[in-house]
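Working notes for the structure below.
Counting starts at 1 for both ligands and their atoms, in listed order.
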Amino acid sequence: MPELLAIRTLLDSVPGGPFPDFVADFAHAPGTRVVFGAGSVQRTGVFARSMGSSRALVVTDRGIADAGHLDRVLASLGAAGVEWSAFMGVVENPTTGTVEECVAAARTYQADLLIGLGGGSSMDTAKGCNFILTNGGKISDYHGTGKATKPMLPLIAIPTTAGTGSECQSYALISDALTHAKMACGDKKAAARIAILDPDLTLSQPARVTRVTGIDALAHALESAVCKKRTDISIAYSRAAFALLSHYYLTALAEPANETARAGMLLGAALAGTAIENSMLGAAHSAANPLTAHFGIVHGEAVGLMLPHVMRHNMTNPAAWEEYSTLAAPLGLTGEALPGWLSGILQQAGLPASLPAGLITPENLPVLAQEAAGQWTAQFNPAPVDAAAFEKLYQSSHHRSA
Ligand SMILES: [Zn+2]
């Protein structure tokens, strides 16, 4: 078919090939317009206006305001004649309660546009708010995919960290305020209409945030690249993301004011987010969630320390091994060397490469493994992972600390 030939030609022109000899069936509909460039945040008002907005609610937190980012957005809205109000109540790992407060603010203000400004939590809160504001009910009604039946308000996403890639995804991650269980609520209508990627906004990220969100983004590229739901298009995004993130991560840490490194990280994180939107994640994310829930280990840290072990486990899958080899080639490495390379990166970044000694006990190991095996992402890992496999993964991550 001519369409397939055209896609074949397009894919072959992407560096990092060779790609498989065939293009499997897929549907690809990018729902988010990405605007990239230093100073692009100044265009927020014009974009808001072009979407017919006259009353925008900016969803953010005090830290983002203190860094001066909120003022830049508000100045741009004002210059375009768009009225605004700001919801400052975003917290890390937003809960159903956070979302309800945001809904109340949006209702009172009668907002006709939402702007998520900040890290993944700001964008998750804005998306979660949008579900309830436009479709009613409560967050748990939207747990899963495609549960919103009515149109939703337009959303502009403006990330100030290079990490989650939430700006290019249609999912909101909201925790139940009582049980702390994380609900992934997805709907194509919830995706941002426009993602504004302005590297200048990421210059203010504290080193700790750059460190953990950057590793999370790298993990998004590496897990989406080999997951069972990958397509030829998502692979292209994963590879481009990995190339940028692997090249710029340590530089962004060592030279926080290096604009090229910050730009590379921001774009890499957004491309990795797009890869997830068009595929899925894998076992490192499944194994990380129980570590965050039980021990409060930060998401990026937990994902980072589990990933080399998951990658070694995945080598048993020929397609995953082949993809790791492709990703590793520009680094001058073999696929087998990629987990070791990642451990080295963790070490150089000052992140833990293993779980603290004594954390995993014979009592909690089966509980953690069972919970990991029950995570949504586990079923998409290229090499099968059950509770027994997760016990081994936790143990291997643990033993290395000795
Ligand atoms: Zn992640």
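- The N, O or S atom of Asp216 with the smallest distance to the Zn ion (ligand 1) is OD1.
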Handout entry: Leu281 vs Trp376, side-chain contact (heavy atoms from CB on, under 4.5 Å): CA-CA, chis, key distance, verdict
Key = CA-CA 9 Å; Leu281 288 165; Trp376 170 247; over 6 Å; no
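- Atom CD of Gln370 has 12 or fewer heavy atoms from other residues, nucleotides or ligands within 6.0 Å.
- Within His299, NE2 is the N, O or S atom that lies nearest to the Zn ion (ligand 1).
- Rounded to 10°, the angle that NE2 of His285 and NE2 of His220 form at the Zn ion (ligand 1) is 90°.
- Residues Ile360 and Leu368 are in side-chain contact: their nearest non-hydrogen atoms beyond the backbone lie under 4.5 Å apart.
- Taking a cutoff of 4.0 Å between a charged side-chain nitrogen and a carboxylate oxygen, Glu323 and Arg230 qualify as a salt bridge.
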